[in-house]
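All remarks here apply to the structure that follows.
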There are 2 protein chains.
Amino acid sequence: MNETSGTAAAQPTERIPAAERREQILAAASVVFGERGYSGATTDQVAKVAGISQPYVVRMFGTKENLFLEVLARALERLVAGFRQIIAEPREHGDDEMELLAARLGGAYVDLIEDRGILLSLMQAFISGHNPVVGAKARAGFLEIYRMLRDEAGFPPDAIRGFLADGMLFNTLLAIRLPDIFDEDPDAEELMRCTFRGKLDLVLGATAAEAAADA
Amino acid sequence: MNETSGTAAAQPTERIPAAERREQILAAASVVFGERGYSGATTDQVAKVAGISQPYVVRMFGTKENLFLEVLARALERLVAGFRQIIAEPREHGDDEMELLAARLGGAYVDLIEDRGILLSLMQAFISGHNPVVGAKARAGFLEIYRMLRDEAGFPPDAIRGFLADGMLFNTLLAIRLPDIFDEDPDAEELMRCTFRGKLDLVLGATAAEAAADA
DNA sequence: GTCTATAGAGCGATAGAC
DNA sequence: GTCTATCGCTCTATAGAC
């Protein structure tokens, strides 16, 4: 079953197609950038999570900045595609048509940012407004969502503001890991409940699953 | 008027009391941490903005982490104190009492985050949930605001959620520097207007002033 | 397709003079 | 109260073997 060597040294990495390896690295990078931030993350940490060597990460993407930009682009693509699909779904017309659509979009958004890598990569982009490349992508992405809600979903201005605002509050409460202190401070759960309402179970399920994965 | 030397070398820094120098460093650090993030900022950049040497920054605060924590604590203090003062102000009772109070608090918040250092230091803290020290401060600070709105201002749950959500959207649109592209994309201004409504002039005034200062 | 080795640059922190 | 000099570490990126 074993190689001849009995040491615990790193086993030679399996040779797999570059495209597949790319995906592995992007998945790892999403996690690491999400947790440590763009500057705080190192290509070596990404490499370790992906199970390969640090120079190979660099080789694959040229620079650390390119790698981050691709992670960000993927997150934005998933967000836009997810929303567009829901908006395109057939829906019954009625007084609460807009509320129903907003609830569906909100649910899809919470689903998406349950992936902490996606959540924090997006937030990293938000605070990189000063960076010409990342900042431009963040502005363009935000405006694309705005146009989609206005033109494709047909939301009136106040509904757009309410929807986007709720989303940014979701981001923040999940980013600061409010569920981590539910047992230390009952107000933490109260605030989460008041913010997420029906969506809370969704969020807590994901949080619990992540905690279990950590252990 | 001049020293004997005619070179353009850095002039010897004026000797000023430590407490005053501390404030200068904190002000510089707020700007630098805000723009570059905790990991992206260097103590040398802070020192240059403050007009002193890099080792002096470290000597004053022990470590870079301590310096960031103090910047964050100052921002939270200003926020909490500002809100508390407005809530304590006498107000006429009536149907729109809560709306009026919310509008005043919102205005104060926009005033505060016009200071880009404060805005981005807060947002830096939000995405540092994984960091035991910074993350704990972020959670505690957010819950303090929540309790203030619930117990001191007397807001009902939906008003709290709406207020906090609007604030987080303010944060995001300012952080990504949406006003920077008003002339490239008219939707940018439309989104800002739909979000900030009456407060827009406040925001744009500050943005214009900052742009002028940069040049 | 993947690794080891290492160059080259930057950064936080310390030591010690003035 | 403030600086200069510098150590030692970490990190990105390159070179080149397999």
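Protein chains get the first letters and strands the later ones, always in sequence-line order, with residue 1 at the start of each.
Counting to the nearest Å, the P atom of C:dG1 and the CZ atom of A:Arg15 are 7 Å from each other. Rounding to whole angstrom units, CD1 of residue A:Ile25 and C1' of C:dG1 are separated by 11 Å. The CZ atom of B:Arg22 sits 16 Å away from the C1' atom of D:dT2 (whole-angstrom rounding).
Remark: A:Pro55 engages A:Ser53 in a side chain to side chain contact (heavy atoms under 4.5 Å, CB included) (not counting sequence neighbours). Partners of B:Arg22 by salt bridge (Lys or Arg N to Asp or Glu O under 4.0 Å), not counting sequence neighbours, listed by chain and number: B:Glu70. Among residues two or more places apart in sequence or in another chain, the side chain to side chain contact (heavy atoms under 4.5 Å, CB included) test is passed with A:Ala28 by A:Val46, A:Val49, A:Ala50. The ring pair (Phe, Tyr, Trp, His ring centres under 6.0 Å) test applied to A:Phe142 returns A:Phe126, not counting sequence neighbours. In this structure, the side chain to side chain contact (heavy atoms under 4.5 Å, CB included) partners of B:Glu190, at least two apart in sequence or on a different chain, are A:Tyr146, A:Arg150, B:Asp187.
Each end of the helix from C:dG1-D:dC18 to C:dC18-D:dG1 gets its own axis from five base pairs, and the two axes differ in direction by 0°, given to 10 degrees.
Applying the salt bridge (Lys or Arg N to Asp or Glu O under 4.0 Å) rule to pairs touching residues 110-133 of chain A yields A:Glu35-A:Arg116, sequence neighbours excluded. For residues 160-179 of chain B, every residue pair satisfying the ring pair (Phe, Tyr, Trp, His ring centres under 6.0 Å) rule, not counting sequence neighbours, is listed here: B:Phe83-B:Phe163, B:Phe170-B:Phe196. Under the ring pair (Phe, Tyr, Trp, His ring centres under 6.0 Å) criterion, the residue pairs touching residues 44-72 of chain B are B:Phe33-B:Phe68, B:Tyr38-B:Phe68, with sequence neighbours excluded. The salt bridge (Lys or Arg N to Asp or Glu O under 4.0 Å) analysis of residues 44-65 of chain A, with sequence neighbours excluded, yields the pairs A:Asp44-A:Lys48.
Taking CZ of A:Arg74 as the reference point, atom CG of A:Leu72 lies at 12.0 Å (rounded to 0.5 Å).
Contacts with DNA chain D (heavy atom under 4.0 Å) in residues 36-55 of chain B: B:Ile52, B:Ser53, B:Pro55, listed by number. Residues from residues 56-70 of chain A that place a heavy atom under 4.0 Å from any atom of DNA chain C, listed by number: A:Tyr56, A:Arg59.
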